[in-house]
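The block underneath contains the structure these notes are about, expressed in structure tokens.
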Amino acid sequence: MADKSNDYKDVLSRRRFVALTGAAGAAALAGCDGSEGTDDSTPADEGGDDDTSTEDDSMEVADVRHLSGTSLSPADIQFNPWGQNTAQISNELIFDPFAEFNYATGEYEPAIIEEWEFTGDAFEMVLQEGATWHDGEPVTAEDLATYLRLDRESGSSIWDWGSDVEEIDERTVAITVEGDINPSLIEFSVMENRLVTKHSRYGDVLSEVQEAEDNSALTEFVDEEPIGNGIFQYGEADEQVILTERHADHPNADNVNFKEYAFQYFDGNTAIHQALLSGNIESMFTIYTPGNVVSDLPDAVNEYRTPRNGGVGLIPNHTHEHLGRREVRQAIAYAMDRTQVAANSDPRTKVAPRVPTALPNAQLENWLGDAMDDFETYGRESKETEQAASVLEEAGYSRNGDDVWEDEDGNTLSFELIAPGGWSDWVTAMESVADQLNAFGMDVSFSTVPFGELGGSDGRWANGNFDATAEYWTAAFARAAHPYHNLRHQMVNPKATLRENNYSYPGAVEDRGGSEADITVPARDGSGELTVNPVEDVGTLGTTADSETEAELALELLWVSNQDLPMIPIQEGLNQTFISSERFDVPAEDAEVAQVQYANTWLPRQGEMTYNGN
């Protein structure tokens with residue numbers, strides 16, 4: 001039976017601080033990255049002399065720079081979201097989101113789209129009044145339509161149900177719909193986007209893509225000096241720092257009373273922790289930070305924790321001689337103690353999935369209901385080694401003289417498990433998984449790989465160059481609240497919701513190494529079999545307007561996910577965002593307004609992160 005405890009409530013209610021010993025913490029981590037600081041390591045209080053200037057009759061803007069952190073070098077990024085080496089976090093200030101999902105309320109809050117409505121045959125969006133590009137021109141329906149048309153060419157999930165784009169007037173755009181649609185998916189599909197496409201910059205790219213047989217003109221386009229529309233605009237960048245400047249013509253500019261927002265590059269979690277401990281940066285959008293480091297942070301540093309609706313899982317390459325077998329994947333799930341793995345990673349920010357399927361914990365009751373007890377938990381809080389051995393033996397495996405499992409041909413059940421180097425919580429989780437599987441008698445080697453070698457269209461993930469890898473097992477964040485996006489991620493096309501991954505699941509699309517095959521598992525009632533076609537059936541889940549069909553189809557597909565384990569869930573996490581209140585007034589750590597991804601870029605737009613004169 002599944003454990004129905006409220007995990008995130010338990011995690012979030014834990015006391016944040018036991019004792020604050022900032023000096024000791026800073027001393028413990030000082031110099032861990034081998035650097036003693038250079039002229040490029042701009043301290044947080046640089047960027048002005050704290051004087052204020054009167055910009056208009058109602059607003060005084062301090063000549064102050066807020067310094068935040070990033071783990072990507074500004075010299076290596078660009079701002080075309082469909083291209084390679086896309087910007088990290090600075091883009092969230094430079095370009096406004098359509099809307100922002102609030103995890104406390106479960107609703108989207110307006111941003112550059114101020115109104116939206118599904119009319120039955122179209123989804124209409126109205127641009128924020130007064131929205132302007134950073135070159136002074138107004139944001140128009142043509143700009144929004146260009147984004148949506150490029151998005152269609154890239155094959156995003158919107159176009160599972162959208163048929164065309166229409167410009168209704170200068171501020172209104174409609175995605176037209178032909179046939180049935182699942183209304184509950186629309187906001188998750190559309191509002192998660194960010195308006196980056198000034199038509200004068202992207203219009204030619206759109207024409208090229210529409211006339212070509214592929215979208216290479218879009219993916220190869222490099223936007224290095226963006227024309228944005230957000231609350232801050234691109235200023236300049238070097239190898240270490242990217243500088244943005246307050247956009248005075250933004251409709252919400254009066255909410256921002258400081259001139260500059262900059263992002264300093266740090267290589268790895270330890271360097272970022274050190275910067276937070278020493279006060280060299282004033283915020284970080286997301287950084288895994290263990291409890292002992294959090295306890296050592298200065299009193300002024302606030303920690304905002306928000307759900308990820310997912311976390312790290314084990315993604316098998318289904319072409320692997322062992323991992324491509326369902327029984328082996330099930331044995332891996334049985335042989336793990338997921339609760340112990342989560343505790344090893346960080347009990348403050350990690351929890352074990354209650355039921356390994358394509359749903360985060362918070363949504364299990366909503367979609368499984370009374371059927372949840374039928375689903376296999378694979379042992380959440382303990383190793384189920386007897387069951388693991390049983391499924392392997394039924395598949396023809398046996399232990400050899402070294403007590404290691406091998407198949408009927410004498411091939412050792414061995415594989416390499418990899419994780420991105422420097423992602424310390426993921427690395428810890430995968431080390432724990434490897435240790436547990438090796439203790440059970442599998443031959444698992446674990447290694448870390450630089451993220452630059454894993455991600456991107458030329459990386460090891462996209463090329464299927466791995467046995468098993470750490471990666472997200474859900475679509476993550478707001479959209480993971482609906483099973484459609486998670487099922488599409490697990491069974492059909494991970495690229496549609498996250499990063500390219502040729503994991504070669506047979507039910508997946510050919511671009512991800514699959515063959516769009518049927519998947520057959522034992523029926524949930526124990527009698528007979530259940531067969532689904534992930535490409536077809538997940539597509540139907542995304543388009544049906546009938547709630548009964550939605551519920552029935554979701555349950556069937558979630559059962560297949562639970563039985564076939566195209567991806568193996570390991571843990572769910574909370575994102576940690578940090579903001580110092582020494583010079584900036586910010587909300588309390590449990591404030592509803594801060595329950596977004598990410599607080600340090602959303603709060604300035606809301607007037608909830610303001611310079612206090614210190």
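Heavy atoms only, all atoms of each residue included: Lys350 and Ala342 are closest at CB-O, 3.6 Å. Listed here is the closest heavy atom pair of Gln490 and Ser561: OE1-OG, 2.7 Å. Heavy atoms only, all atoms of each residue included: Ser189 and Trp161 are closest at OG-NE1, 3.7 Å.
With hydrogens and angles left out, the side-chain atoms of Asp151 and Ser156 include a donor and acceptor closer than 3.5 Å. Checking Glu187 against His482 by side-chain atom types alone, no donor-acceptor pair falls below 3.5 Å. Side-chain atoms of Glu384 and Ser382 form a donor-acceptor pair, as typed in the model, at a separation below 3.5 Å.
Ion pair Arg194/Glu92 flagged as a salt bridge, since at least one NZ, NE, NH1 or NH2 atom sits closer than 4.0 Å to an Asp/Glu carboxylate oxygen. For the pair Lys495 and Asp511, the salt-bridge criterion is not met [side-chain N within less than 4.0 Å of a carboxylate O]. Salt bridge annotation for Glu192-Arg479: absent, with no cationic side-chain nitrogen under 4.0 angstrom from a carboxylate oxygen.
Without hydrogens or angle criteria, Asp402 side chain to Val404 main chain gives no donor-acceptor distance under 3.5 Å.
Listed by first then second residue, pairs satisfying side chain to side chain donor-acceptor pair (under 3.5 Å) with a partner in residues 519-534 read Asp374-Arg524, Asp518-Asn533, Thr520-Thr531, not counting sequence neighbours. Residue pairs meeting the side chain to side chain donor-acceptor pair (under 3.5 Å) criterion with at least one member in residues 412-424, sequence neighbours excluded, are Asn269-Ser424, Glu416-Ser447.
Aromatic rings of Phe95 and Tyr147 (six-membered ring for Trp) have centroids beyond the 6.0 Å cut-off, not under it. Aromatic ring centres of His489 and Tyr472: separated by at least 6.0 Å. Close placement of the Trp405 and Phe440 rings is indicated, their centers lying within 6.0 Å of each other. Taking the six-membered ring for Trp and the full ring otherwise, Phe221 and Tyr202 have centroids separated by under 6.0 Å.
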